[in-house]
Amino acid sequence: TTAPGALTRSFTVDAYQPGLHPILARVPETGEIIAKGNVNAFILAGAAETDDAQCVDYLAGGGVRFSFTMVADAFPPNGEIHLRTYYQGAVFGNGSRDLILRASDFDENGIANIYMEWAAGAGSPRTCHSAEVFLVAEPDPQ
């Protein structure tokens with residue numbers, strides 16, 4: 001918790017390798033250590049980076065089904081990736097415009113296969129989507 005009126009600080013970590021990276025907090029920069037911890041870095045590559053979207057099926061009624069992948073390296077067990085389609089007429093394989101990926105959705109190589117369906121007559125098919133990454137708090141053991 002932060003006391004009212006207390007100065008809060010934030011920082012950004014650019015990690016180029018997945019795994020635990022130790023961090024130290026000093027104020028000023030050369031002062032004594034006031035806190036220490038670890039940043040658990042993970043790397044994600046979405047459909048824009050994997051660039052492997054492809055049509056895999058033509059649906060009854062004229063719709064199409066696409067597949068694409070997302071790749072995760074060292075994705076934490078309490079992580080979630082929330083995907084949302086941009087276009088009306090497009091849904092994920094679960095029939096919704098929203099899809100949540102968890103660590104268990106990635107195979108032993110860190111690959112998650114994602115399916116999206118595009119309704120007939122909804123215009124030119126697109127797989128555009130947004131992605132947000134969250135860490136879900138661990139349940140209190142009490």
Side-chain angles (χ1 to χ4, degrees), residues 1-29 31 33-142:
T1 62
T2 304
L7 179 63
T8 60
R9 298 184 183 266
S10 64
F11 62 94
T12 301
V13 176
D14 287 327
Y16 299 100
Q17 295 293 323
L20 288 177
H21 299 277
I23 58 168
L24 298 174
R26 300 174 188 258
V27 178
E29 191 174 310
I33 296 172
I34 57 173
K36 65 180 182 174
N38 290 299
V39 171
N40 187 4
F42 53 89
I43 298 173
L44 297 174
E49 291 87 12
T50 59
D51 196 28
D52 63 354
Q54 60 183 323
C55 178
V56 294
D57 198 10
Y58 292 95
L59 305 172
V64 292
R65 180 177 293 131
F66 285 88
S67 74
F68 57 91
T69 61
M70 181 169 277
V71 179
D73 190 356
F75 194 61
N78 65 325
E80 291 185 352
I81 302 168
H82 293 215
L83 303 178
R84 172 166 271 199
T85 63
Y86 285 172
Y87 293 101
Q88 192 70 14
V91 294
F92 289 104
N94 64 359
S96 171
R97 292 185 60 211
D98 297 297
L99 179 68
I100 297 176
L101 296 175
R102 295 179 176 86
S104 60
D105 294 312
F106 293 87
D107 68 15
E108 65 277 356
N109 296 312
I111 299 171
N113 292 302
I114 302 164
Y115 293 92
M116 186 178 282
E117 296 178 1
W118 191 266
S124 178
R126 290 176 170 74
T127 59
C128 298
H129 59 279
S130 63
E132 294 181 285
V133 179
F134 296 92
L135 293 178
V136 179
E138 300 290 334
D140 191 349
Q142 296 179 352

Could you check if a side-chain atom of [X] sits within less than 4.5 angstrom of a side-chain atom of [Y], using non-hydrogen atoms only?
| X | Y | value |
| --- | --- | --- |
| Phe42 | Val133 | yes |
| Phe75 | Leu101 | no |
| Tyr87 | Met116 | no |
| His82 | Asp98 | no |
| Arg102 | Val136 | no |

Subject >> Value rounded to 0.5 Å, distance of CD in Glu132 from CD in Glu80 >> reply: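 It comes to 11.5 Å.
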
Original post:
Which distance, rounded to the nearest 0.5 Å, do you find between the OG1 of Thr69 and the CG of Asp51?
Top reply: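 Atom-to-atom, Thr69:OG1 and Asp51:CG are 9.5 Å apart.
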
**OP:** May I have the step-by-step check of side chain to side chain donor-acceptor pair (under 3.5 Å) for Asn94 and Ser96, ending in yes or no?
**Re:** CA-CA 6 Å; Asn94 64 359; Ser96 171; 4.5 Å; no

Between [X] and [Y], which heavy-atom pair has the shortest distance, and what is it?
| X | Y | value |
| --- | --- | --- |
| Asp105 | Ile100 | OD2-O, 3.8 Å |
| Pro76 | Leu135 | CG-CD2, 3.5 Å |
| Phe106 | Met70 | CE2-O, 3.6 Å |
| Ala103 | Pro77 | CB-CA, 3.9 Å |
| Phe66 | Cys55 | CD2-N, 3.6 Å |
| Ala72 | Leu44 | CB-CD2, 3.4 Å |

**OP:** Return yes if some donor-acceptor pair links the side-chain N/O of Arg97 with the main-chain N/O of Thr85 below 3.5 Å, else return no.
**Re:**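 Checking the backbone N and O of Thr85 against the side chain of Arg97, a donor-acceptor pair under 3.5 Å is found.
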
**OP:** Without swapping roles, check the side chain of Arg26 against the backbone of Gly31 for a donor-acceptor pair under 3.5 Å.
**Re:** yes

Original post:
How far apart are the C-alpha atoms of Ile114 and His129, what are their side-chain angles, what is the distance that settles it, and do they pass the side chain to side chain contact (heavy atoms under 4.5 Å, CB included) test?
Top reply: CA-CA 12 Å; Ile114 302 164; His129 59 279; 5.9 Å; no

Original post:
Can you tell me if Ser67 and Asn113 form a side-chain donor-acceptor pair at under 3.5 Å?
Top reply: no

Original post:
For Tyr58, does the OH atom sit with more than 12 other heavy atoms under 6.0 Å from it, leaving out its own atoms?
Top reply: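 Atom OH in Tyr58 is not packed in, count stays at 12 or less.
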
